[in-house]
Amino acid sequence: MNETDIPKAYTPKEWEDDLYRRWTESGFFDPDRCIEAGVTDATKPTFSIVLPPPNVTGVLHAGHAAMLAIEDTIVRYHRMRGDRTLWLPGTDHAAVATQSKVEDILWQEEKKTRYDFSREEFLARLETFARESHDRIKHQIEKLGSSVDWSREAYTLDEKRSLAVRTAFKRMYDDGLIYRGYRTVNWSVKGQSTCSDDELVYIDRKATLSTFRYSEDFPIAIATTRPETKLGDTAVAVHPDDERYREFVGKTYEIGSFAGGPNLSIRIIADEMVDPAFGTGAVGITPAHSHTDYDFYLRHKAEIAFAPADEAVIGTDGAMTRWAGDAYAGLSVADARAKVIASLRAAGLLEHEEEVDQSVGTSDRFKDVVEVLPMKQWFIDVNKEFEKNGRQVSLKELMREAVSSGDIAILPDRFAKTYFHWIDNLRDWCISRQIWFGHRIPVWYRGEEIFCGIDAPQGDGWEQDQDTLDTWFSSGLWTFSTLGWPDTEANDFKTYHPTNLLETGYDILFFWVARMILMSEYFIGMPPFEKVYLHGLVRDAEGRKMSKSLGNIIDPLDVSEVHGADALRMALISGSTPGNDVKLSDEKIVAMRNFTNKLWNLARYIGTMSAETDAAPEPRSDADRYIMRKLEEVAASVTRHLDRYELSLATEELRDFTWGDFADWYVEVHKIEKNDALLRHAFDVILKLWHPFMPFVTEAIHQTFHLDKSEFLMIAKWPVFESTHKMIADANRFELVKGLITAIRNIRATYHIDPAIKMVLSARGASERTIRHKNTIHDNEEIIKRIARIGEIRSIDSSADTPKNSLLIQVGLLQAFLHLEGVIDIAKEKARLEADLAQTEKYAASLESKLGNPAFADRAPKEIVESTKTLLEETRAKAGELREHVASLS
RNA sequence: GGGCAAUUAGCUCAGUUGGUUAGAGCGCCUCGUUUACACCGAGGAAGUCGGAGGUUCGAGUCCUCCAUUGCCCACCA
């Protein structure tokens, strides 16, 4: 092959679609296929991750591209490491979001509303839209090179997920955690549906705060920004210590035709929640039209009234009802407000008006200011205690514990605080929506009878609840509904749940992450994932949010069309850290595009030089040795960064090495020294290290220049150098070794293998419950049988209740078990342990020299010197332990 | 009101248990176009690490206060 035959620049367009097609056809995105083909060892640990399902509302944006880039990088890395790697894709029907979108389109294009269709017709239109969206989204996911297993693709509204949803609903209903209750909800008049607290978007606006009295002889003035709701007041609350009002507490005042409206009966109550310094220090309580007032009602049920069913003064159409009195009935809220004020002013009851800043909740989807109304809706009770594993807990507590116990780690961890704060303020979750698109509530009515079931009840006359479920109910089940649940015997469920990682934007921590934790903890008794990686928002070059109105939206497809998917992926990953927003600029993308081209041209030089390709790579010069040593260091470091999800750091180091050391320096050296085999070998390693980040260009180079004979770079073995094992001493593995030692020490007189194994696995980052699930072997009998089968241990008395076996055998037992489970490789473990020992000894030596340095020993305070001495002793002790353990492995 | 983050070169940002001389990309300046790459190479200028204190032998890194910006949550009677 000659250089002149190969284009001088990498042309992504000519490669990407074809490569993706070939990857898909190979089937290697499917872990089962990898095992069949011998690419993956079935005994290896699993690495599973679900794709946060994009909404079928349209197209993917830059944020999705970032998500796909990060996840694909991690997934490809694990696949190359040899893990049983599953990345499960899907889409979300996104209930309200999709319906409101389609309603907009229908209105714009046909001037029709949903009421111009039957429920069935309307749903058919939605399904068509959803399918088209789905196809577009799938295409975009593919364009970015995402190595998802399409054979397992799921949709939140498909048959299997529907079964999961109905099963989940029924189970919670039977357990009394789902209830139908009458209380205040957020109501979008425009959307004619409820929305949950989390779906509200608060906007700031100016409002008039009016101070008034209900009547001339009413003793207390109150202030409000919502005078029209005052037509439904039932109480006035004051602080219990407020001297001004103490004498009135407990009295009830009858107001005849308040503001020309209904008669009111106002009770004066005392409540700690009232801020005596704000306004007049007294609050008018409208339990029907304010969540906080409803809470007042709950605390004072004995004293004050809540509007009985359907007696709210504001109706679902956003107009005043007849309960607001004849003078108001039918008026809009705004008109009613003006009328109340006018009436109060005329009667001389209006004492003061001022303009204040106010933030009001609007519907995320329908954009209108929501009204708080009392309605009969379905809720999930987050506070109700129920029995779980022999103790009383609430859903709230389950959600809290999943994170506080460390079962789930959130990256960056500062979001754990946000999460706890959210949980502490959580109200019951309103799950019913008055829209048509979604999972219909599996409840049927016949007269007074009510039936909740997975399928419709037998017999005539039953009518199903008209409402559908909040979209987050079904996405909350996502980690396990996609793996076969409610069939808990399903292979995928048993193999891949809990998943290892959830990668998503921090903006849906509450919506989705928290709901998944709730559902998984409740139904499975385990967290849905071990780790949460929260990425930031993708912003434009100036740091602004991308939005249609600003016209600054960067379409990922456009970018990858021009510069290639790899350049886009790199631009999104490089320089971005968990939890922080990332700015995407043209310059950055171009810089990354230039780098893909750099790799391409390296390949042109290396791949086409005359070389006996079969020659073994032998370092011949100092330059050779330097580049190999550096390469090993970089490989180890990139590996460590990937294990810690530090993708940006990995790309930086790798890029510096590739461009600075390898391309600019070593290639020039090679032009003189001509160590072809070593050059090719080094480049091959570099390509593998780059593959997870830039799958297309690396695979294209692999396919063009055949640096080795394998079919696909995507299933190549991840480069690990024996001599650099000590540098791959990542936290995970270090903890494993530590845990192993602890476990061995803790094997006590009574012989129980379980705690020891648990300890080791938990040191490895798995939660206790995960261990219970993933290793359902509880009796020693079974463990020993399995171990005996692989012949690692020869003589074990399986009926032993007391220690008939030496400590050594128990150590061996433990190791053998771990080996069997694919958790550790003993030979490698020993090498790693030795590396650890070397590092520990090195550390001890450095501490020694520090103590020997007069600058430190004489000038540093005694305590520091002492603590350093202590540290040295500890380090020596640790080295001793390690040495012992290495010996026990020999 | 409560909380969280950010502030490092002209711009965009790295900098993970405190440790020699603080890094990268883009931009800028000088030089270079004999076949891997001008989507390039060699070299260079450029930072009192937001401000003020403090802890320390040693602080971009830890503590306190302040300033500016952004975000989240709650209240908003």
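Reminder, nothing fancy here: chain letters follow the sequence lines and each chain counts from 1.
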Open item on the list: Could you check whether the side chain of A:Lys417 and the base of B:C4 have a donor-acceptor pair of N or O atoms closer than 3.5 Å, going by distance alone?
Closed with: no
Nucleotide N/O to protein N/O under 3.5 Å, stretch nucleotides 7-13 of chain B:
| from | atom 1 | to | atom 2 | distance (Å) |
| --- | --- | --- | --- | --- |
| B:U12 | O3' | A:Lys583 | NZ | 3.2 |
| B:C13 | OP1 | A:Lys583 | NZ | 2.8 |
| B:C13 | OP2 | A:Lys583 | NZ | 2.6 |

Open item on the list: Measuring only the C1' atom in each nucleotide, how far is B:U8 from B:U48? A whole number of Å is fine.
Closed with: 12 Å
Open item on the list: Is the phosphate of B:U35 approached by A:Lys671 (side-chain N or O, under 4.0 Å from OP1 or OP2)?
Closed with: no
Open item on the list: Within the 3.5 Å criterion, strictly below it, is a donor on A:Asp684 or A:His702 matched to an acceptor on the partner's side chain?
Closed with: no
Task: Distance between P atoms of B:G60 and B:G50 (Å, rounded) - done: 10 Å
Task: Same-atom distance (P) from B:G2 to B:G18, integer angstrom - done: 31 Å
Task: C1'-based separation of B:G58 from B:U7 [nearest Å] - done: 24 Å
Open item on the list: Using a distance-only criterion (donor-acceptor N/O pair, under 3.5 Å, no hydrogens), is the base of B:C76 paired with the side chain of A:Ser359?
Closed with: yes
Task: Residue closer to the 5' end of RNA chain B, A:Thr596 versus A:Ile222 (nearest nucleotide) - done: A:Thr596
- [ ] Could you tell me whether the phosphate oxygens of B:C40, OP1 or OP2, come under 4.0 Å of any side-chain nitrogen or oxygen in A:Asn597?
- [x] no
Open item on the list: Less than 4.5 Å apart, side chain to side chain, heavy atoms only: is that true for A:Met570 and A:Phe693?
Closed with: yes
Open item on the list: Categorize A:Val274 for me: base, sugar-phosphate, or nothing, with a 4.0 angstrom heavy-atom threshold over every strand shown.
Closed with: base
- [ ] Measure from the side-chain heavy atoms of A:Ala9 and tell me the nearest of B:C73, B:C39, B:C26.
- [x] B:C39
- [ ] Measure from NZ or CZ of A:Lys671 to the centre of the six-membered ring of A:Tyr605 and say whether it is under 6.0 Å with the direction within 45° of the ring axis.
- [x] yes
Task: Pairs flagged by salt bridge (Lys or Arg N to Asp or Glu O under 4.0 Å) wherever residues 582-600 of chain A is involved - sequence neighbours left out - done: A:Lys598-A:Asp664
- [ ] Answer yes if the side chains of A:Thr658 and A:Trp690 hold a donor-acceptor pair under 3.5 Å, and no otherwise.
- [x] yes
Task: Near-strand residues of residues 658-668 of chain A, defined as heavy-atom separation under 4.0 angstrom from RNA chain B - done: A:Trp659, A:Ala663, A:Asp664, A:Val667, A:Glu668
Open item on the list: Could you tell me how far B:G27 sits from B:G47 if I compare only their C1' atoms? Round to whole Å.
Closed with: 16 Å
- [ ] Indicate whether the side chain of A:Thr208 and that of A:Ser210 have a donor and an acceptor atom separated by less than 3.5 Å.
- [x] no
Open item on the list: Taking donor-acceptor contacts at under 3.5 Å, does the side chain of A:Arg414 reach the base of B:C4?
Closed with: no
Task: Electrostatic pair A:Glu371:A:Arg226 at N-O distance under 4.0 angstrom - done: yes
TODO: Can you tell me, in whole Å, how much space there is between the P of B:U61 and that of B:A22?
DONE: 14 Å
Open item on the list: Between B:A42 and B:A24, how many Å separate the two P atoms, rounded to a whole number?
Closed with: 13 Å
Task: Carboxylate-amine/guanidinium proximity below 4.0 Å for A:Glu228 and A:Lys230 - done: no
Open item on the list: When the P atoms of B:U69 and B:A59 are compared, how many Å lie between them, rounded to an integer?
Closed with: 31 Å
